[in-house]
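Comments concern the structure below.
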Amino acid sequence: HLSVAKQVASAIWRIRPEDVTDEHRSKIKTFVFGIIYGMSDEGIVARTGCTLREAQMIRQAVMGAFNKLDAWIRQMIRAAHRQGGAYTWWDGAPQFRFRPLPALGDQDNGKRKHAENGAYNGPVQGTANEFCLQSLIAKDEWLAVSRFPARLVLTVHDSIMAEVREDVVAEYIGESRRLM
C-alpha cells in the first residue's frame with residue numbers, strides 16, 4: 001500500500017513519493033480494498049475522512065496507475081451480464097463456483113451497481129476462499145500424518161488460525177507457507 005501511495009502521491013497530494021506519510025498509506029489502503037470490494041467514493045469518504053474530490057482523484061490515479069485492474073473489473077462486469085453472475089477462479093480460469101447476480105438487470109441503479117460490484121468482488125473474495133479451503137485441507141492432512149504439535153482452530157476470510165507449540169512456531173510457519 002505504501003508503494004501504491006508513492007506511485008500516486010504527486011497526482012493526488014502534489015507531494016514527492018518520499019514525503020508520503022502513514023496517513024496517505026492508510027487512505028490508499030482503504031481505497032484499494034474499497035475498489036476491490038465495490039465501495040463507492042462516498043463510502044471511501046466516510047471511511048477515511050477525505051473529501052469527495054480527493055476520493056475521486058484517488059480513484060482516477062489508482063485506476064490510471066493500474067489500468068489492467070480497471071480493464072479486468074470492466075471485463076468481469078461484462079462477463080457477469082452475459083452469464084447472469086460470476087465465477088470464482090481456479091487453475092487460471094473462471095470455472096469453479098458460480099454466484100448468481102440476478103440484480104444485474106435491475107432498473108434500480110443502486111441494486112444494479114451492487115450486483116456489478118459482486119461481478120468482480122465475488123471472484124476476488126471467493127477465489128481467496130477457494131485457496132484458503134484448499135490450504136486448510138493440505139494443512140489438516142499434514143498435521144494428521146506428521147503428528148506435528150499444532151491444531152487448526154478456525155478460518156477468517158483468507159487466513160487459517162492455529163494453535164502451535166511455541167518451540168515449533170518457525171517450523172510451522174515455514175510449512176504453512178509451503179502448503180499455502
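The figures here come from the full heavy-atom set of this structure, side chains too, leaving out hydrogens, waters and symmetry mates.
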| query | Once you round to the nearest 0.5 Å, how far does CD of Q7 lie from CD1 of I28? | reply | 10.0 Å

| request: Answer yes or no: does atom CD of E18 have more than 12 heavy-atom neighbours from other residues, nucleotides or ligands under 6.0 Å? | output: yes

| request: Would you mind listing every salt bridge (Lys or Arg N to Asp or Glu O under 4.0 Å) that reaches into residues 109-126, with sequence neighbours excluded? | output: none

| Partners meeting ring pair (Phe, Tyr, Trp, His ring centres under 6.0 Å) with H1 (sequence neighbours left out) | F33

| task | Check whether any side-chain N or O of H81 sits under 3.5 Å from a backbone N or O of R78 as a donor-acceptor pair, and report yes or no. | result | no

| Smallest separation among heavy atoms of G122 and R99, with atom names | CA-NH1, 4.3 Å

With a cut-off of 3.5 Å and sequence neighbours excluded, list every side-chain donor-acceptor pair involving residues 166-174.
residue, atom, partner, partner atom, Å
D167, OD1, R165, NE, 2.7
D167, OD2, R165, NH2, 3.1
Y172, OH, K139, NZ, 3.0

| request: Could you pull out the closest heavy-atom pair between V45 and A55, with the gap in Å? | output: CG2-CB, 4.0 Å

| note | dist E141:CD -> L136:CG (nearest 0.5 Å) comes out at 10.0 Å

| message | Before you tell me yes or no, could you show the steps for S135 and L179 under side-chain contact (heavy atoms from CB on, under 4.5 Å), namely the whole-Å CA-CA distance, both residues' side-chain angles and the distance that decides it to 0.1 Å? | response | CA-CA 6 Å; S135 298; L179 292 168; 5.9 Å; no

| task | Ignoring hydrogens and angles, tell me if any N or O in the side chain of S26 forms a donor-acceptor pair with the backbone of D22 under 3.5 Å. | result | no

| note | What one should report as the nearest heavy-atom pair of T155 and C132 is CG2-SG, 4.1 Å

| note | When every non-hydrogen atom of A5 is compared with those of R25, the smallest separation belongs to CB-CA, 4.1 Å

| Is there a side-chain contact between V164 and P149, using heavy atoms and a 4.5 Å cut-off? | no

| query | Is it true that V4 and I73 fall in one hydrophobic cluster, defined by side-chain heavy atoms closer than 4.5 Å? | reply | yes

| Are V62 and I15 in one and the same hydrophobic cluster, where Ile, Leu, Val, Met, Phe, Trp and Tyr link if side-chain heavy atoms are under 4.5 Å apart? | yes

| Are the side chain of R14 and the backbone of A11 linked by a donor-acceptor contact shorter than 3.5 Å? | yes

| message | So, using salt bridge (charged side-chain N to carboxylate O under 4.0 Å, His left out) as the criterion, who are the partners of R178 when residues are at least two apart? | response | E175

| Point-to-point distance, once rounded to the nearest 0.5 Å, from CZ of R47 to CD of E42 | 14.0 Å

| For E130, what residues pass the side chain to side chain donor-acceptor pair (under 3.5 Å) criterion, not counting sequence neighbours? | T88, R97

| task | Check side chain to side chain contact (heavy atoms under 4.5 Å, CB included) between E54 and all other residues, then give those that pass, not counting sequence neighbours. | result | I12, W13, K27, C50, T51, I58

| query | Can you tell me how far the CG atom of D108 sits from the NE2 atom of H114, to the nearest 0.5 Å? | reply | 11.5 Å

| said: To check you understand the geometry: which heavy-atom pair defines the closest contact between F98 and Q83, and what is its length? | reply: CZ-O, 3.5 Å

| With a 4.0 Å cut-off, would you call D19 and R16 a salt bridge? | yes

| request: State plainly whether one hydrophobic cluster holds both M63 and M57, where clusters connect Ile, Leu, Val, Met, Phe, Trp and Tyr through side-chain heavy atoms under 4.5 angstrom apart. | output: no

| Residue Q95 excluded, over 12 heavy atoms near CD under 6.0 Å | yes

| Nearest heavy atoms of I44 and G34, plus distance in Å | CD1-CA, 4.0 Å

| said: As an exercise, state the distance from CD of Q134 to CG of N129, rounded to the nearest 0.5 Å. | reply: 11.5 Å

| message | Hydrophobic cluster membership, with links at side-chain heavy-atom distances under 4.5 Å among I/L/V/M/F/W/Y: are F148 and L152 in one? | response | yes

| Taking a hydrophobic cluster as the set of Ile, Leu, Val, Met, Phe, Trp and Tyr residues connected by side-chain heavy atoms closer than 4.5 Å, whether directly or through intermediates, do W72 and I77 fall within one such cluster? | yes

| said: Less than 6.0 angstrom separating the ring centers of W89 and F96, yes or no? | reply: no

